[in-house]
Every structure is written in structure tokens, then in C-alpha cells.
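Letters A, B, ... mirror the listed sequences (proteins, then strands); counts begin at 1.
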Number of protein chains: 2
Amino acid sequence: MSEKFIPPRDYDSLKTLMIARKPDLPRRLAQVAEFAVASPDELAFGTAATVAEMADVQPSTLVRFAKSLGYDGFSDLQTVFRSRLRDRWPDYDERLEALRKRSENDTHALFADFCNTAVASLRRLQDGVDPEELERAVAILAKARIIYLVAQRRAFPVAAYMAYALSKMRLPTVLVDNVASLGPEQMLAAGAEDAMVAISFTPYAPLTVEIANKAAERGVPVVAITDSAFSPLAHGAAARLDVVESDLGAFRSLSGTLCLAMALCVAAAEKKRG
Amino acid sequence: MSEKFIPPRDYDSLKTLMIARKPDLPRRLAQVAEFAVASPDELAFGTAATVAEMADVQPSTLVRFAKSLGYDGFSDLQTVFRSRLRDRWPDYDERLEALRKRSENDTHALFADFCNTAVASLRRLQDGVDPEELERAVAILAKARIIYLVAQRRAFPVAAYMAYALSKMRLPTVLVDNVASLGPEQMLAAGAEDAMVAISFTPYAPLTVEIANKAAERGVPVVAITDSAFSPLAHGAAARLDVVESDLGAFRSLSGTLCLAMALCVAAAEKKRG
DNA sequence: CTTTATATGGAATTTTTATTTCATTTATTG
DNA sequence: CAATAAATGAAATAAAAATTCCATATAAAG
């Protein structure tokens, strides 16, 4: 019935395959190929019935088409069209599942999964960040006298890295690390001519929220790096950058947040100079 | 049951509505709103069951949520999320194109560059890491009583993140942060039944090198995350993982190192348990 | 022109998915 | 603190979807 080919899992390869095969395909299957190349969106969103209607074939023909290309069926084929629209790799869910039932000593595969998750995060974030908000954030940091960095727990490494990068570029920086529970005191000197970067994701660390909002009340412009408009940091923020990281199991990637942080630092330093 | 509102048919209005309504919504419905705003792609593609799983609610809650907003049901609500992807896609290529021809003062483009650099780093690293060495490192960490983490300057955020992750997974951890210059003292209690992760890249932070080598001399197995066999950490290391990150200007990506660190932590925790 | 293989449409079947219902828990009000 | 209302989880049900099957049509080979 179907070939033993391993069918492509990404849209570009599939498109190439469909174009290559079309001449040899029976009439109705060729018709499907043509429609699929012309209207990949419909394939991604439609049901077998609606796609069949639009391509002017029977639903069963769609299943045959999918199988002739080596897929399990229409649903399997459809995942490839969907992967085109989202920045994830096609068999994400299955991989996650596989992750759970992994043999313990396959660390390298685990590492590869973390890498893939990070890449997915980065790709998604690249489109997701609002350029205007980013520009606003840079402007705030560029004109600040001192930049205060606040983050706890999972987000702390990002602030630590920013502290390193900003200091390297000679921008005065205070990392509010809450050593000896002096967090609240560490930013008492901050005023309207300074700026604060507050980083927090669900579940929001209370200290970060408290310090950021107190600073905002006192007129310190706060750049919030968080995950949505629902964040408790959102209210007082002069600029808000939303980062939604992919996660693998219980562990969220930090790659996107770090890239964003880095871009912020470098852009602010450049702006201040130039 | 449901309101007589005519619910929004475009994503932007829906998003606004969800943000506005969230505070008044019952707990689980608010949870759905939050998830929907954070991961609209999932809403577009997923089934009620998969979305429910990801948002950590029951499928029925999704239906209730949709109805509380005035939609017929989940399917009706979903069409709005799908329309968003349909509308958005066409200008994607143009955006990418615009991104390439950027002016220097475009922060968003800078951000994109950092993302691309990070992706390159990750891809390269994925092939570059030695699986055997990785396995050895995991074994060392898995049988350790306490894991000491040493890193300074640029590498410090990685150690900080490992400290967070390992603690979350209930592996006893000491982050040697050198607060009050107590770095050398922070690891005095370490012995052969413990383990140390030392992270350092050129130009190697003297303190990290000193602490790692002193630990090694005293019989503590050291896992070194560094950049080559020439690293001063190489000599005493029981396992050495080389990470070569791509860099953009003066700033090196940390993405690869972070992924590796994460994989190490999770693998070690799994091994210890299983 | 017959025979055989392949392709197709349409209905039947199976599987998946959304929705509803109801018992139980959690919050609210008097 | 009891009574009542609202919210929730889990299972039952209804709806929709994909897939398979089979009778028929079409093309290819002898």
C-alpha cells in the first residue's frame, strides 16, 4: 500500500518532494499535491472534509495521498503543514513523551533536546518581541545614571550576566542580589534619573515584585522582563518585554531571555556613547 | 450560562478582552486566560485535550472559558486563534527581509543577531560534545554527596542557574559565590565523596582555577566546563567538557553552556533517583 | 476487444474530539 | 458556623473527524 520511505518532517522538504513526485502521481493525487503547494495554510488548519472540498476531491483521496508519500495518514501529513506555521519542530510532543521514558544513560540525547528546545525558544522569541517596546527600554537604560538589576531564583542568572556585561561596558550598575537580605536597602538610593531592570516569571518572586513596584512608585523608570501582561511587574513598568520560553519537562530555557538581556545591554551602551 | 456579548472575532480584541477580564475570572478560568495570552500558538493548533494538559486544567474548563467570553464553545474560540496565524503569516517573509537590511541603531536587529549567534552556538555544540565525557560527568555528579559549584565573572550565571536547578531537584548544592571573599573557605569541607563543577573560559578567572585545582588535589572529583585541553582546569579534572561558543563582537553567547549545564543537572538527578 | 491492474467516489466504520452532566469541593453570605 | 451559591474535576455522552472498505470506473496490457 504505502512506501517504506521515511517522509519529510519539515515543510520545505515536503514541498520539494510533492513537486518532484507530482508528474508520476495519478490524476487526483496530483490534484491534491497542487492544491497543497498552492494553499499550505488550508492544509494546516482545515479538516480532511474541508480540505477535500476545496481541493475538489474526496476525503479518502487525501488519506491516499498522505500514504503514497509515506505518512501514516492525513493527520500525520497535517502535522508537517502545521509545523510550518509554528516555530516548533514537528514531533515535539512525541519527543517530550520520549524524554519521560528515556533510559537514564542517554545524557547526550537529553542534551540535544535541551538544545532543540533552546533553539525553538529563540526562534519564537525573535518574532515575538515588540521592537517599539525594546527601543523604549534601550532609551531608558541609555539615559540612566545607575542601572539597578533585580531578579531572584530562576531569573537571577540573567541579572548576574547583565551586571557583568554592563560593567564591562562601563555603565554603572548595581546588582540587587539580596545578600544578607539587604535587597530592599540596595536600591534605596535609586531615583528618577536612574533605571531598574526587573526580571521575573511565573511564579513571580515576591521580592522582585516588591522591589520593582516600590521603585516605580518612587519614580524610577522600570524595564520589566517578564512573561505577559498579567505579570505583577506589568503595572508599574515604563517598558515591558515579554519572553515566553519553551520548556522541556519542568525546566525552562533561559536562552531567549539571555539574548534579549544581552541585546539590551549592548544597545544601551551604544546609544549612550554614540 | 453565557453572556449575550458578541465575542471578538479577531485576536487582538480577544487578547484585550482576556486581559481586562482576567482579574474577575475564577481561578481556573484566569489560568486559561493567562495560558492563552502566553501561548496563543498552542490554542490555535492544539485539541481541547492537549491544551488542557498544557494549561493544567480540565478540557471542560476550556469550554467554560470559551462560553464565559461569549463563544459557542472551545472550537468557536479556537477559530479566533487560528485566524491570527493566518493573518500573520503573509508578512513573515517581508519581516525577515527587512531584518537583514538593518540600520545600526536598530535594537531589534541586534537582538536578532544575538539570537542567530546563539542558535549557531547551540547547533555546533550539539555535535561537538563528547558523549562519553558527558556520561562520566553525570556519573560523578550522581554519586556526589554535595555538589560544589565554582564559577566567576562571565561563567557565574551558569553556576547560579545550576544551583537553582539542582536545589529544585533536591540535590544538595553549594554555590561558591565568593561573597565576602569566602570562596576558598566555602569549599573546605569538600571531600572525595563530594563533587565539584568548575566553569571557566579564557581568560580564566584565577579564583576558579585555584579553587578547582585545590579541590582536585584533595581528592574531590572535578567536572570542568571549559573551552579546551589547554585550559588550566584541564589538568586536575576528572571529566572535562569543552564548550566553544560563537561570539558576536565582544560578547560570547552563554546559551550552549547553559544547555549543557541543564542537561548535566537533569541527567544527574535522574541517575541518582533511578 | 478482453483481461488485468489501478484509481476513484461514496458510504460504513472506527477513532478522536468536543461538550454536557453530575457529584464534590471550595468560596460566599447571612 | 451553617446555608447557599459558585467553581471544579472526572466521567458520560454527543458530535465530528479520519480512516477503511467496497463497488464501480478508468486506464493499460495482451
Side-chain angles (χ1 to χ4, degrees), chain A residues 1-3 7 14 18 21-36 39-83 90-94 97, chain B residues 1-3 7 14 18 21-36 39-83:
Chain A
M1 180 197 288
S2 65
E3 352 249 310
L14 172 57
M18 288 193 296
R21 282 283 189 80
K22 196 192 159 200
D24 310 325
L25 250 33
R27 197 174 108 256
R28 295 258 109 131
L29 299 195
Q31 197 176 321
V32 173
E34 184 164 342
F35 180 80
S39 313
D41 280 13
E42 304 301 340
L43 268 286
F45 288 113
T47 66
T50 62
V51 173
E53 160 103 45
M54 286 186 283
D56 192 27
V57 295
Q58 291 288 325
S60 47
T61 305
L62 293 179
V63 177
R64 283 185 204 116
F65 175 75
K67 293 199 168 176
S68 82
L69 258 43
Y71 295 93
D72 287 350
F74 177 73
S75 303
D76 190 25
L77 173 69
Q78 195 174 39
T79 61
V80 179
F81 284 90
R82 291 186 169 181
S83 78
D91 46 358
Y92 183 79
D93 288 327
E94 294 125 58
E97 201 44 49
Chain B
M1 180 196 290
S2 65
E3 351 249 312
L14 171 57
M18 288 193 295
R21 281 283 188 80
K22 195 201 164 200
D24 312 323
L25 250 32
R27 196 173 111 258
R28 295 257 106 127
L29 299 195
Q31 197 175 319
V32 173
E34 184 162 341
F35 180 81
S39 313
D41 284 14
E42 304 301 341
L43 269 284
F45 287 113
T47 65
T50 61
V51 173
E53 159 105 44
M54 285 184 282
D56 193 28
V57 296
Q58 292 286 326
S60 49
T61 305
L62 294 179
V63 177
R64 283 187 203 114
F65 175 74
K67 292 199 168 175
S68 82
L69 257 44
Y71 295 93
D72 288 348
F74 176 73
S75 304
D76 190 24
L77 172 69
Q78 195 174 38
T79 60
V80 179
F81 284 90
R82 292 188 168 178
S83 77

T47(A), nearest nucleotide to its side chain (from dA10(D), dA18(D), dA18(C)): dA18(D)

Atom pair distance, as rounded to whole Å: OH in Y71(B) and C1' in dT19(C): 18 Å

F74(B) side, atom CZ; L43(B) side, atom CG - distance, nearest 0.5 Å: 6.0 Å

dT19(D) OP1/OP2 closer than 4.0 Å to side-chain N/O of S75(A): yes

Nearest-0.5 Å distance, OG of residue S39(B) to CZ of residue F45(B): 13.0 Å

Pairs under 3.5 angstrom, nitrogen or oxygen only, protein versus nucleotides 3-8 of chain C, please.
residue : atom : partner : partner atom : Å
dT8(C)  : OP1  : R27(A)  : N            : 3.4
dT8(C)  : OP1  : R28(A)  : N            : 2.8

Nearest-Å distance for atom pair CG/P, residues D72(A) and dT14(C): 20 Å

Distance in angstrom units between D56(B) CG and dT8(D) P, rounded: 13 Å

4.5 Å side-chain heavy-atom contact, L77(B) and L62(B): no

E34(A) atom CD, neighbour heavy-atom count above 12 within 6.0 Å: no

Interatomic distance where CG belongs to L62(B) and P belongs to dT19(C) [whole Å]: 10 Å

Short side-chain N/O contact from K67(A) to OP1 or OP2 of dT19(D), under 4.0 Å: no

Validation row: M18(B), L69(B) side chains within 4.5 angstrom (heavy atoms): yes

Integer-rounded Å distance: dA16(D) P and F45(A) CZ: 21 Å

What donor-acceptor contacts under 3.5 angstrom involve side-chain atoms of residues 50-59 of chain A, with partners at least two apart or in another chain?
residue : atom : partner : partner atom : Å
T50(A)  : OG1  : T47(A)  : N            : 2.9
T50(A)  : OG1  : T47(A)  : O            : 3.0
T50(A)  : OG1  : T47(A)  : OG1          : 3.4

Atom-pair distance (CD on Q78(A); P on dA18(D)), nearest Å: 7 Å

